[in-house]
Amino acid sequence: RQFHRLLERYYNEVPLEAIEAGLDTDQLREWWDAFRREPPLNLPEEILLPEARLVASLGGQRLVSVIDLLAIDPGRRLIIVDWKTGRHRPSREDMAQRLQTRVYPFVAVEAAGAFFGGPMDPARVSMVYWFANYPDQPHVFHYDEIQHRQTRIYLEGLLQAVEMCL
């Protein structure tokens, strides 16, 4: 959580001296140095929103995602960045199976109308998992319309299953 707060401050343009003054553990310093040395590459810089809260409706329910960093080039592309600080770097296959990998892009596309003033083409959305202990080895997942439709069906099924249990 400290690392997430550190990067939130960085993307909110807190002066580096103030950020670095708060590096109170060796681990936090190592992660910060890794980030400064190998930040996520090719992010849009037009709009950078740390700890972005997106909300979408599905089946009469609200889906809420709090995204570590939302990098936006309005009308062109949207990249979701998720910071990971675990010791081990999960395989791409394991990350692809995580609900987060499906839900975050889905919510971003669904929330785009309110957030960007119009619809977002799912093919313009991607998700990056950036690993503090493996900064030069991110996992990048591109999204598309087929995944969006499949995710909608999957999530509607999950919501129905939950509602049946209530």
Problem - Plane angle bin for Phe106 and His148 - parallel if under 30°, tilted between 30 and 60°, otherwise perpendicular - result: parallel
Handout entry: Partner residues of Trp32 under the ring pair (Phe, Tyr, Trp, His ring centres under 6.0 Å) criterion, sequence neighbours left out
Key = Tyr10, Phe35
Handout entry: Minimal non-hydrogen separation, Arg89 against Pro138, with atom names
Key = NH2-O, 4.0 Å
Practice task
Verify side chain to side chain contact (heavy atoms under 4.5 Å, CB included) between His4 and Glu51, making sure each step is shown before the conclusion.
Solution key: CA-CA 9 Å; His4 283 72; Glu51 299 299 317; 4.1 Å; yes
Problem - Stepwise side chain to side chain contact (heavy atoms under 4.5 Å, CB included) check, Met95 with Lys84 - result: CA-CA 11 Å; Met95 296 305 288; Lys84 295 297 184 195; 4.1 Å; yes
Practice task
Hey, could you give me the OG1/CD distance between Thr151 and Glu156, rounded to the nearest 0.5 Å?
Solution key: 11.0 Å
Practice task
Consider only side-chain heavy atoms of I, L, V, M, F, W and Y, link residues closer than 4.5 Å, and tell whether Val140 and Leu43 are in one cluster.
Solution key: yes
Completion exercise
One should read off an interatomic distance between Glu45 CD and Tyr11 OH, to the nearest 0.5 angstrom, of 8.5 Å
Completion exercise
Closest non-hydrogen contact found for Ala132 with Ala34 is O-CB, 3.6 Å
Practice task
Indicate, with yes or no, if Val128 and Val107 share a hydrophobic cluster defined by side-chain heavy-atom contacts under 4.5 Å among Ile, Leu, Val, Met, Phe, Trp and Tyr.
Solution key: no
Exercise for the section: Scan for salt bridge (Lys or Arg N to Asp or Glu O under 4.0 Å) pairs involving residues 122-151, sequence neighbours excluded, and state none if there are none. Expected result: Glu145-Arg149
Practice task
List the steps and the verdict of side chain to side chain contact (heavy atoms under 4.5 Å, CB included) for Val81 and Leu7.
Solution key: CA-CA 11 Å; Val81 181; Leu7 292 180; over 6 Å; no
Practice task
Kindly determine whether Leu58 and Glu110 satisfy side chain to side chain contact (heavy atoms under 4.5 Å, CB included), including the steps that lead there.
Solution key: CA-CA 9 Å; Leu58 181 66; Glu110 292 296 308; over 6 Å; no
Practice task
Identify the two heavy atoms, one from Arg102 and one from Gln150, that lie closest to each other, and give their separation to 0.1 Å.
Solution key: NH2-O, 4.0 Å
Problem - Single-linkage hydrophobic cluster Leu48~Phe3, side-chain heavy atoms < 4.5 angstrom - result: yes
Handout entry: Glu46 side chain reached by Arg76 side chain, heavy atoms, under 4.5 Å
Key = no
Exercise for the section: Under 4.5 Å between side-chain heavy atoms, chaining through other members, with only Ile, Leu, Val, Met, Phe, Trp and Tyr counted: pull out the rest of the cluster around Val64, sorted by chain and number. Expected result: Val55
Handout entry: Residues, nucleotides or ligands: over 12 heavy atoms within 6.0 Å of Asp26 CG
Key = no
Practice task
Taking the side chain as every heavy atom from C-beta outward, state whether Leu99 and Tyr154 have any atom pair closer than 4.5 Å.
Solution key: yes
Practice task
First locate atom CZ of Arg5, then atom CD1 of Ile19, and finally report the distance between them rounded to the nearest 0.5 Å.
Solution key: 14.5 Å
Handout entry: Gly86 backbone acceptor or donor facing Asn133 side chain under 3.5 Å
Key = yes
Handout entry: Any donor-acceptor pair under 3.5 Å from Ser65 side chain to Tyr104 backbone
Key = no
Practice task
Determine whether Ile80 and Met120 fall in the same hydrophobic cluster, where Ile, Leu, Val, Met, Phe, Trp and Tyr are linked whenever their side-chain heavy atoms lie under 4.5 Å apart.
Solution key: yes
Practice task
Could you grab the distance from atom CD1 of Ile72 to atom CZ of Arg77, nearest 0.5 Å is fine?
Solution key: 11.5 Å
Exercise for the section: Taking all heavy atoms of Ala111 and all of Ala56, pick out the closest pair and write down the distance. Expected result: N-CB, 4.3 Å
Practice task
Measure the CG-CG distance between Leu159 and Leu63 for me, rounded to the nearest 0.5 Å.
Solution key: 6.0 Å
Exercise for the section: Find out whether the Lys NZ or Arg CZ of Arg92 is both under 6.0 angstrom from the six-membered ring centre of Phe141 and within 45° of the ring's axis. Expected result: yes
Handout entry: Minimum side-chain heavy-atom gap Leu16-Arg36 below 4.5 Å
Key = yes
Handout entry: Qualifying residue, where the test is ring-ring contact (aromatic ring centres under 6.0 Å, His included) with His139 and the options are Trp130, Tyr134, Phe131
Key = Phe131
Completion exercise
Here the gap from Arg1 atom CZ to Thr85 atom OG1, rounded to the nearest 0.5 Å, amounts to 10.0 Å
Problem - Common cluster, Leu155/Tyr143, ILVMFWY with side-chain heavy-atom separation under 4.5 Å - result: yes
